[in-house]
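Worth knowing before you read on, the calculation uses all heavy atoms, side chains too, and leaves out hydrogens, waters and symmetry mates. As the structure is a prediction and not an experimental result, all values here were calculated from the model.
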Amino acid sequence: MHPAYSVIIFTTFSGAGYGLLFLMGLFAAGQWIEPDRWFGFTGFFFAFTMIVSGLISSTYHLGHPERAWRALSQWKSSWLSREGVLAVAGFGPFALFAFGWVILESHDGAWRLFAILTVLFAVLTVYATSMIYATLRTIRAWFNPHTVRAYLAFAIWTGSIWFNLLTHLFDLHTPGIGFIVLASGILIWWFKRKYWMFLDGSPSWVSPNSATGLNDLGPVRLLDSPNTQENYIQQEMGFKIARKHAVKLRRWAFLTFFLIPYCLALMTVEAEAWLKIPAAILAVGFVMVGTMIERWLFFAEAKHTVMLYYGAEDS
Amino acid sequence: MTQIPQNTTGKKLGLVIDLDICVGCHACAVNCKEWNTGGHSAPLPDNNPFGDNAEGVWFNRVHTFECGNGADSRTVHFPRSCLHCEQPACVEVCPTGASYKRAEDGIVLVNEDICIGCKLCSWACPYGAREYDGDAGVMKKCTLCIDRIYNENLSEEEREPACVATCPANARHFGDLGDPSSEVSRMVEERGGYDLMPELQYQPVNKYLPPRPKSTGYEEERPQRLTPINPTSENEDAGGLFPWLDRVLSR
């Protein structure tokens with residue numbers, strides 16, 4: 001699949017934003033963190049900025065961005081619509097949660113309820129995003145349980161690296177936060193590894209024989225394409241570069257989204273004060289770049305069944 | 001609504017394409033483009049038509065495949081267009097309701113006035129039936145010539161899709177596949193018409209008829225080489241000057 005930059009930026013940034021909101025909501029609901037005004041302000045600022053800029057960037061690949069509001073109408077059948085509805089509806093509890101934390105410096109009583117709702121909406125929105133991909137039967141690399149797991153784990157992992165930085169900045173870091181970072185790091189490493197093993201080991205989804213129905217006539221191969229130059233279908237679904245360099249790119253992605261930020265985050269737990277902040281900032285930089293590489297690969301490695309009509313030998 | 005209609009009339013309009021007959025002339029693709037660039041989804045873009053990167057929207061494309069190996073191999077021409085599936089994922093994924101399946105005849109259409117051009121439907125289609133019109137910013141697809149089949153300004157025999165009307169080999173047929181007694185349904189029954197990628201469970205309405213098996217026993221029926229009528233030079237007994245000369249020179 002052709003990796004559209006607007007979608008890569010959208011899923012990476014909104015994922016990190018929802019991950020950060022999720023953790024702020026979780027720690028507020030559990031009363032595991034002080035409702036410090038400036039910490040709250042900074043946290044909500046980054047989370048909202050990432051979510052909103054992600055949503056705006058996702059409209060860039062639309063043919064008619066001015067009609068984007070219409071995408072909220074088909075929540076009964078479309079996961080893309082559900083994602084939009086959840087993203088918009090979530091801003092209610094988020095705003096109230098932020099109001100309690102920043103203005104009243106409280107997450108007790110009713111404000112705690114909004115923290116819980118924030119956690120719920122953050123998870124549901126990322127879940128809806130992942131289901132857009134996980135329900136496309138045309139793409140074997142997405143139509144599997146790994147997709148949902150990876151999207152949710154990536155949101156929490158990138159969110160926890162942001163949470164780690166902000167709590168260090170405001171001197172609110174606790175061992176519990178360190179534990180979340182370490183645990184979600186292990187989770188993302190495990191899920192992504194399992195996903196790549198699945199991708200390498202999964203047998204062909206649909207064969208050229210099944211695509212043409214010419215089962216009884218022996219192996220089927222393309223003799224002549226209908227068009228001499230690439231058409232929309234081939235440009236959108238026929239991306240091959242990543243598969244050629246898959247091993248190398250996966251290594252780079254793994255280093256940048258997991259190993260380097262993981263080691264940097266580990267350093268922040270026990271390091272000297274002067275080292276903590278730069279390490280935490282670097283970890284955020286690496287994890288965002290790494291996640292974008294990972295998202296790029298998620299698209300670029302995916303094979304679509306339609307390419308069977310254009311000479312692909314499997315899908 | 002992008003939900004699949006539950007209360008249908010049972011009518012399933014669609015095409016039956018005979019891969020045994022198709023000669024790969026691309027006339028169906030050309031006539032489809034010709035009609036539809038002035039029809040329901042008009043215009044269909046044609047960018048850079050005389051340049052290096054000519055590209056545009058076509059609802060119908062003819063692929064040519066080679067099957068089998070050696071003496072058993074054969075060429076199969078394969079026209080590909082929207083199959084108007086009974087479970088069209090392209091409709092279900094649409095966030096705006098622009099893509100819909102008609103309850104009255106099962107035709108899958110795009111309402112271009114509310115399409116936002118997110119392209120998700122083209123990702124959901126395994127058959128590549130949907131092509132994006134970058135000029136209009138909306139998705140386009142085969143309409144089963146909805147502006148022909150119900151068009152009372154056309155004579156009765158012209159009320160069929162442009163691809164069917166133009167096929168010089170009669171490889172394409174249009175009809176109601178929901179009616180078991182229709183001509184197309186009987187054709188599917190007799191010839192073993194099949195679905196493309198049935199494992200994906202989109203339940204396409206359009207059916208393909210397989211190429212007929214190659215005739216067997218061909219070797220025995222092959223015409224035998226005839227013996228020469230006037231085997232002059234081989235006839236040792238022939239008299240006369242020239243046969244003698246031939247024998248002398250042949251030594």
Side-chain angles (χ1 to χ4, degrees), chain A residues 1 59 61-68 70-84 132 135-139 205-206 208-233 235-237 304-310 315, chain B residues 1-3 19 24 26 29 52-58 61-69 72-76 78 80 89 91-98 114-120 122-128 131-132 134 136-138 194-201 208 210-211:
Chain A
M1 297 296 292
T59 64
H61 77 286
L62 298 182
H64 280 281
E66 80 284 1
R67 296 178 185 169
R70 290 186 182 276
L72 302 177
S73 64
Q74 302 302 310
W75 49 271
K76 280 186 187 169
S77 53
S78 163
W79 278 105
L80 177 53
S81 189
R82 285 172 198 160
E83 182 203 31
I132 296 171
T135 51
L136 292 174
R137 290 180 203 191
T138 48
I139 299 158
W205 186 223
V206 180
N209 290 52
S210 174
T212 55
L214 302 168
N215 294 307
D216 306 334
L217 301 177
V220 173
R221 55 213 175 267
L222 185 70
L223 187 65
D224 212 359
S225 174
N227 35 289
T228 51
Q229 273 88 20
E230 285 204 339
N231 63 18
Y232 162 75
I233 295 287
Q235 286 163 6
E236 188 78 2
M237 329 281 177
H304 194 288
T305 54
V306 73
M307 292 312 289
L308 294 169
Y309 296 114
Y310 288 94
S315 69
Chain B
M1 278 306 252
T2 58
Q3 285 168 292
L19 297 181
H26 294 245
D52 291 341
N53 288 308
E55 62 96 28
V57 172
W58 293 68
R61 292 182 186 263
V62 183
H63 300 243
T64 301
F65 292 99
E66 193 175 32
C67 316
N69 290 312
D72 291 329
S73 73
R74 58 198 290 173
T75 303
V76 178
F78 186 90
R80 181 181 58 80
V91 168
E92 286 174 303
V93 301
C94 177
T96 65
I114 62 173
C115 173
I116 58 174
C118 71
K119 306 179 192 131
L120 188 57
S122 69
W123 294 8
C125 175
Y127 311 109
E131 299 200 6
Y132 182 67
V138 295
Y194 59 82
D195 292 348
L196 304 183
M197 302 194 213
E199 62 269 51
L200 296 186
Q201 296 164 357
Y208 284 78

Answer with side chain, backbone, both or neither: which region of B:Y194 has an atom nearer than 4.5 Å to a non-hydrogen atom of chain A? side chain
Part of B:A54 within contact of chain A (heavy atom distance under 4.5 Å): both
Looking only at heavy atoms and a cut-off of under 4.5 Å, which of B:N53, B:I114, B:V62 has the most pairs with chain A? B:I114
4.5 Å side-chain heavy-atom contact, A:P226 and B:W58: no
Please rank B:Y127, B:F65, B:F78 by heavy-atom pairs under 4.5 Å with chain A and give me the top one. B:F65
Is there a side-chain contact between B:P95 and A:E83 (heavy atoms, below 4.5 Å)? no
B:E55 side chain vs A:E230 backbone, donor-acceptor pair below 3.5 Å: no
Between B:E199 and A:S210, do the side chains contain an N or O donor and an N or O acceptor separated by less than 3.5 Å? yes
Between B:P126 and A:V206, is there a side-chain heavy-atom distance shorter than 4.5 Å? no
Would you say the side chain of B:T96 lies within less than 4.5 Å of the side chain of A:H64, judging by non-hydrogen atoms? no
So does A:D216 have more than 12 non-hydrogen atoms from other groups sitting under 6.0 Å from CG? no
Of the backbone (N, CA, C, O) and the side chain (C-beta and beyond), which part of A:W75 lies under 4.5 Å from a heavy atom of chain B, both, or neither? neither
Measure the NE2-SG distance between A:H304 and B:C125 for me, rounded to the nearest 0.5 Å. 7.0 Å
Pick from B:P210, B:G134, B:G117: which one has the most heavy-atom pairs with chain A under 4.5 Å? B:G117
Honestly, the part of B:A29 sitting under 4.5 Å from a heavy atom of chain A is neither
Does any part of the side chain of B:L120, heavy atoms only, come nearer than 4.5 Å to the side chain of A:L136, both counted from C-beta? yes
Would you say that A:T212 contacts B:L19 through its side chain, given a criterion of any heavy-atom pair below 4.5 Å between the two side chains? no
Side chains of A:E236 and B:Y132: does their closest heavy-atom pair fall under 4.5 Å? no
Please state whether the side chain, the backbone, both or neither of B:R61 comes within less than 4.5 Å of a heavy atom of chain A. both
Rounding to 0.5 Å, atoms CD (B:E131) and CG (A:N231) come to a distance of 5.0 Å
